Structures are given as structure tokens and as C-alpha cells.
Amino acid sequence: MEEYLTIALPKGKLFSLSADLLKKVGYTAEGLSEKSRKLVISNDKDKIRFIITKTADVPTYVEYGAADIGVIGKDVLLESDKDVYELLDLGFGACHLMMATPKDKKREKLTDYANTRVATKFPHIAEEFFAKKGMQMEYIKLNGSIELGPIVGLSESIVDIVETGTTLRENNLEEIAYIMDLTARLIANRVSFQTKFERIEKLVADLKRVLEEEYANN
Ligand code: PRP
């Protein structure tokens, strides 16, 4: 009898994009919704199980094999530094990571911010970026509404995600350094990738085909 394939989906912006894409390749379950209070949603006929978790926890479930595969933003994946396979760039959830500061407190050059405080959800990625520039910084870890940091004097700058630019504009912040582009990724547990290889490989091939078709039609 075929085993279940357990898929971890993150709550938030990536949920519906992930669920819609997976549905196109036949991976869905009745009642699969971000609003569901049920945290495990199964499709017994097709042996698929979905778990819905906080975004930052997806790589943990996958690393430990509690989920075989998962969908997660590259930002969270890099920051988590978990030992998982990155199978596929899903293309959606596109945004970029950058450093920003209040417009009226802008300094002349990036290195003028050395040894100042930066608020971020991504201290590891930020540290790697600043270290390459030869800059030491003080990192203040926040879990959301990062833009508030410099407005209330918690930090001089932020390292955060920009999608449309609206949040920066509405808070009089200006991007001063680009760090990296980001998209959603499909990841797999290393053991599951071997023990459920054929199933995962077929899923990846089907997803690639759908993504290519979508790309060609846009
Ligand atoms: C993200 C990010 C920015 C915002 C950027 O926050 O941290 O605040 O989106 O998007 P924009 O460029 O389109 O304005 P999110 O909405 O995920 O919430 P959070 O602040 O609680 O992390």
C-alpha cells in the first residue's frame, strides 16, 4: 500500500498560491483552507496529507521529516539554515530583501551605517550581507512590522522584504541597499526524497510543466 506524502504549507501570503498550484497537478484535499481550524487535512484516496503551519516553522517540519515536502519563501529558508533539499523555484511570492532607512536620516554611503542598529526578521542573512561589506552591525530581531523600528528610534535602519514598495512609501523609508531577490521554493526532507523518490520526482516534473505553461501564457 502506498504511503502518505505529507506536505507542509505556510499560513499567510504563500498559502493560497501554493494550494492553487498543487491543485493543478492533482494535489489537493477537501477542506484545504488557510482558515481551517483543522491543522492536518487528508486526502485518503490519493494518500496526501497537508499540514498548515506558521511560515517560519515549515523548514523545521521538513528537516525532521514530520513533513516530506513543503513550500517556503527563500528568505525563511535561508534564515532557518535547515538541512533540507531545495527542489524547485516556484516563481511566485516574488519580492526582494533590502536595507532601508528613514528618508530624513539618510547617510551618505552604506558604510556610514557601520556599528549602528538594524531591525530585522532575518539577522543571519543580514549579517552575511554586512560582513561581506566589512561592516559590523547590531541586530535587533523583530517578528513583524519591521518598518516601525527606525520610526520609533529602536534602530537606525531595517533589513526587510519589499514587494510593492507601499509599506516603505507609507512610512517615509527609503531603500539604500539591495540584498537579494526572493521567491517561494519547494523543499524536501532528505530521507523522504530517497524513500519516496518516484512520487516526489513526478510531482516536481508535473509542477515544472505547469509553471512553464503558465510562464509561456503570460
Ligand atoms: C512584509 C514585509 C513588509 C511588507 C512589504 O510584511 O515585512 O512589511 O510585507 O510589502 P510591500 O512592499 O508590498 O508593502 P508582512 O505583510 O508579511 O507582515 P509583517 O510585517 O508582519 O512581517
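In listed order, ligands and their atoms are each counted from 1. Just so you know, residue 1 is the first one in the sequence shown, and it goes up from there. The figures that follow rest on heavy atoms only: side chains count, while hydrogens, waters and symmetry mates do not. What you see is a predicted model, and the numbers here were worked out from it, not measured in a lab.
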Atom 2 (C) of ligand 1 sits nearest the protein heavy atom Asp160 OD2, 3.3 Å
Closest to atom 18 (O) of ligand 1 among protein heavy atoms sits Lys121 NZ, 4.8 Å
Show which residues join Tyr61 in its hydrophobic cluster (side-chain heavy-atom contacts under 4.5 Å, direct or indirect), or state none.
Val40, Ile51
In one Ile/Leu/Val/Met/Phe/Trp/Tyr side-chain cluster, 4.5 Å: Ile179, Met137:
yes
Does Leu87 share a hydrophobic cluster with Leu14, counting links as ILVMFWY side-chain heavy atoms below 4.5 Å and allowing steps through other members?
yes
Can you list the atoms of ligand 1 that are under 4.0 Å from a heavy atom of [X]?
X      : answer
Thr164 : 11 (P), 12 (O), 13 (O), 14 (O)
Ser145 : 19 (P), 20 (O), 21 (O)
Gly144 : 19 (P), 20 (O), 21 (O), 22 (O)
Glu147 : 3 (C), 8 (O)
Lys13  : 1 (C), 9 (O), 15 (P), 16 (O), 17 (O)

State if Glu170 counts as touching ligand 1 under the rule of any non-hydrogen atom under 4.0 Å.
no
Without hydrogens or angle criteria, can the side chains of Arg190 and Ser192 be said to hold a donor-acceptor pair below 3.5 Å?
no
Would Asn143 count as a polar contact of ligand 1, with the cut-off being nitrogen or oxygen pairs under 3.5 Å?
no
Within the structure, does Val162 bring an N/O atom to less than 3.5 angstrom of an N/O atom in ligand 1?
no
Is it true that Glu3 and Arg199 have a side-chain N and a carboxylate O under 4.0 angstrom from each other?
no
Minimum heavy-atom separation for Ala66 and Thr6, please, with both atom names.
O-CG2, 3.6 Å
Would you sort out whether Glu175 and His96 count as a side chain to side chain donor-acceptor pair (under 3.5 Å), showing the intermediate values?
CA-CA 11 Å; Glu175 176 170 337; His96 73 278; 2.9 Å; yes
Heavy atoms only, cut-off 4.0 Å: how does Thr167 contact ligand 1, side chain, backbone, both, or neither?
both
To the nearest 0.5 Å, what is the distance between CG on Leu154 and CZ on Arg117?
6.5 Å
Heavy atoms only: which of Ile158, Leu168, Ile161 lies closest to atom 5 (C) of ligand 1?
Ile161
